[in-house]
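Shown next, in structure tokens, is the structure this report addresses.
Counting starts at 1 for both ligands and their atoms, following the listed order. Keep in mind that this is a model prediction, so the values were computed, not measured.
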Amino acid sequence: MAKLEPKAKVSDACASYADLDSLNDKLHPYVRNLANNTDFFSYYRLNLFNKECPFWNDENGLCGNIACAVTTLENEEDVPAIWRAKELSKLEGPKAQHPGRKQQRERQRPLLGELGESVGESCVVEYDDECDDRDYCVPEDESASAKGDYVSLADNPERFTGYAGEGAHHVWEAIYRENCFSKPVARKSSVAVPGLAAPLPAFSQNQAQAAMDFKQVMRQHDRQEAIRSGAPEEVLESEDECLEKRVFYRVISGMHASISTHLCYDYLNQTTGQWGPNLQCYKDRLHEYPERISNLYFNYAFLLRAVGKLRDYVQDYTFCTGDPVQDKQTKDMIRRLAGAIPSGPQIFDESVMFQDQTADGISLKEDFRNRFRNVSRIMDCVGCDKCRLWGKVQTNGFGTALKVLFEFGNGHAGEEKPLLRRTELVALINTLDKVSTALKALEQFRTMIAAELDGS
Ligand code: FAD
């Protein structure tokens, strides 16, 4: 097993582990504060309960533990007034309607500060849930007509839930399957999901075959991972696989590593009923797999680069919660965060990706985008509400980062500005918070391991 050297560069990124740790020391308090202590970034509206898994039917995979439950905001009074259904429906007057894609592009301005003449100034107008060509995710529709619930992310922390076994494995297998780029992209799947890459076997139709296929995918995956975990970073980078495909894998595996870190760090000891770090859980899932940890650092670099790129746009954003003092504070906080992230490609250089302008290169990008959209759809198959909530937030966060990095310019005059939905921006910041917090938890686990070695 290759050990991670703090001074080594994280493969496919531009910074070392030590650089990212020291940047995280500086930025972590800003990110935490923004994600947890502002109304704008701590409320998320999503369709958590009413979407069926589009790929298979697995009622046995549902989690009945209390820790899997999500507390939604049932009482409208708990939601900032500006986002209540009554207010949102007022915004759906003729001037504040969904502007249509052509108009959206022509305007080239963030929608967060949308004005509707007939209703006075309004700040929260979401697009409908139609996919924009440049989306890497299936959007969460925050409009009043959408079937959705408001959730306080701060009140539903990502932690151990007990969701495990076949159901959870099935979901991870389906996610890693999207990484098999060698399979052709099929525009229509056997389960009629538009944009689905290699069709997933419909579970109800041929369960045994599907289970076998999934197991094969995971066996192959485990073999590759074992080889990669023993390989030095420079060998990983020079593998005979294009950068874009590697990045896709790294994003997924890094997200999985972050989820594992959170559940091991905030673990329920079922004997004592106490919550706290579980060192054995960390050893089993992360310490033995440096490649997973490397992917987590990669994700940090990747997300930071995307948030840093918003530096040139946040001054135009209007963070409305109905409280002007808080709105200004929120804006100042995000400006400070984006401004503290190095502006050059010292952390991650997205400009080296998707450079091939031939038909092959263009279809690779489309393939990448479709596969990532499928990952976001797979989240509706997660059988634990809390895990589904954070799975959806994080796929949306990574999807938003991909959109910012690969679909918009560099802030030069005349270039297109990122049009982000409120849900995208909230997901991006909360995903950064999850990864940043996971890096801090890893530090604690390393200290616990060192203490254990000292004591032995
Ligand atoms: P799993 O984590 O299920 O992993 C399955 C297989 O994937 C492993 O055997 C290994 O081959 C491979 N693998 C594992 N980690 C990586 C990695 N980083 N990179 C590449 N390959 C890897 N549980 C909670 O307690 N709290 C949560 O909030 C939570 N959120 C979840 C969100 C989602 C979207 C999903 C699908 C599951 C979630 N779970 C959560 C369940 C959790 O992730 C595990 O599935 C569960 O704890 C069982 O773990 P396991 O040890 O069997 O391996």
Side-chain angles (χ1 to χ4, degrees), residues 48 53 55-56 58 61-70 137 151 153 156-180 214-229 236 246 248-270 275 277-278 280-299 374-398 430-431 434-435 437-438 441-442:
L48 191 59
C53 168
F55 303 119
W56 63 78
D58 183 14
L62 297 178
C63 171
N65 299 339
I66 185 80
C68 285
V70 168
C137 260
V151 173
L153 297 174
N156 289 282
E158 189 184 32
R159 50 166 37 180
F160 174 78
T161 61
Y163 176 54
E166 283 281 307
H169 284 181
H170 197 170
V171 175
W172 283 122
E173 285 157 10
I175 291 172
Y176 285 110
R177 187 177 240 265
E178 286 304 320
N179 183 53
C180 301
F214 282 133
K215 289 223 161 63
Q216 258 169 13
V217 170
M218 280 323 267
R219 262 204 299 275
Q220 215 176 16
H221 168 71
D222 287 348
R223 239 193 335 265
Q224 276 173 359
E225 209 201 9
I227 298 167
R228 291 164 66 101
S229 263
L236 292 180
R246 249 191 349 257
F248 190 96
Y249 175 76
R250 286 183 160 254
V251 168
I252 293 173
S253 167
M255 181 175 87
H256 194 167
S258 173
I259 290 172
S260 301
T261 308
H262 280 273
L263 79 89
C264 292
Y265 195 71
D266 204 353
Y267 195 89
L268 177 66
N269 179 331
Q270 288 170 40
W275 291 88
N278 179 332
Q280 192 56 45
C281 174
Y282 161 75
K283 285 181 186 169
D284 294 344
R285 294 171 192 243
L286 295 140
H287 192 66
E288 298 294 323
Y289 300 91
E291 197 212 340
R292 295 181 188 173
I293 297 181
S294 169
N295 294 336
L296 181 61
Y297 275 88
F298 172 85
N299 278 0
N374 283 344
V375 172
S376 84
R377 289 186 181 103
I378 292 170
M379 292 301 145
D380 283 314
C381 305
V382 174
C384 142
D385 295 347
K386 176 83 75 67
C387 313
R388 187 160 64 252
L389 166 67
W390 283 108
K392 279 176 167 245
V393 170
Q394 291 176 79
T395 40
N396 193 2
F398 283 109
N430 275 278
T431 305
K434 289 290 130 207
V435 176
T437 305
L442 288 186

Just let me know how Glu291 lines up against ligand 1, side chain, backbone, both or neither, with a heavy-atom cut-off below 4.0 Å. neither
From atom 17 (C) of ligand 1, work out which of Lys386, Lys392, Lys434, Arg292 has a heavy atom at the shortest distance. Arg292
Apply ring-ring contact (aromatic ring centres under 6.0 Å, His included) to Tyr282 and list each qualifying residue two or more places apart in sequence or on a separate chain. His287, Phe445
Tyr297: ring-ring contact (aromatic ring centres under 6.0 Å, His included) partners, not counting sequence neighbours: Tyr17
Quick note on ligand 1: atoms under 4.0 Å from a heavy atom of His169 include exactly 3 (O), 5 (C), 50 (P), 52 (O), 53 (O)
Evaluation steps, disulfide bond (SG atoms under 2.5 Å apart), between Cys381 and Cys53: CA-CA 4 Å; Cys381 305; Cys53 168; 2.1 Å; yes
Does any non-hydrogen side-chain atom of Glu178 lie less than 4.5 Å from one of Ile378? yes
Tyr163: numbered ligand 1 atoms lying under 4.0 Å from its heavy atoms: 23 (N), 37 (C), 38 (C), 39 (N), 41 (C), 46 (C), 47 (O)
Numbered atoms of ligand 1 (with element) below 4.0 Å of Ala257, judged on heavy atoms: 18 (N)
Mind checking whether Glu158 and Val393 have side chains closer than 4.5 Å, heavy atoms only? no
For Phe160, take its heavy atoms, then give the atoms of ligand 1 lying under 4.0 Å from any of them. 25 (O)
Examine ligand 1 and decide if any of its atoms is less than 4.0 Å from a heavy atom belonging to Gly162. yes
Go through the side-chain N and O atoms of Asn374 and Arg377 and say whether any donor and acceptor fall under 3.5 Å apart. yes
Is the backbone of Val251 close enough, under 3.5 Å, to the side chain of Asn299 for a donor and an acceptor to pair up by distance? yes
With a heavy-atom distance limit of 4.0 Å, tell me whether Tyr267 approaches ligand 1 through its side chain, its backbone, both, or neither. neither
Atoms in ligand 1 with a heavy atom of Val382 nearer than 4.0 Å: 34 (C)
Do any N or O atoms from the side chain of Thr395 and from the backbone of Lys392 form a donor-acceptor pair under 3.5 angstrom? yes
Is the backbone of Gly254 close enough, under 3.5 Å, to the side chain of Ser258 for a donor and an acceptor to pair up by distance? no
Check whether any heavy atom of Met379 sits under 4.0 Å from an atom of ligand 1. yes
Ligand 1 contacted by Trp390 (non-hydrogen, < 4.0 Å): no
Do Trp56 and Val171 come close enough that some side-chain heavy atom pair is under 4.5 Å? yes
Contact atoms of ligand 1, heavy-atom distance to Thr161 under 4.0 Å: 23 (N), 24 (C), 25 (O), 26 (N)
Enumerate the atoms of ligand 1 whose separation from the nearest heavy atom of Tyr249 is less than 4.0 angstrom. 20 (C)
Give a yes/no on ligand 1: does Arg285 have at least one heavy atom closer than 4.0 angstrom to it? yes
Please identify which atoms of ligand 1 are closer than 4.0 Å to at least one heavy atom of Arg159. 24 (C), 25 (O), 26 (N), 27 (C), 28 (O)
Would you confirm whether Asp266, through its side chain, and His262, through its main-chain N or O, come within 3.5 Å as a donor-acceptor pair? no
Within the structure, does Ser253 bring an N/O atom to less than 3.5 angstrom of an N/O atom in ligand 1? yes
Any nitrogen or oxygen of Tyr176, main chain or side chain, under 3.5 Å from a nitrogen or oxygen of ligand 1? yes
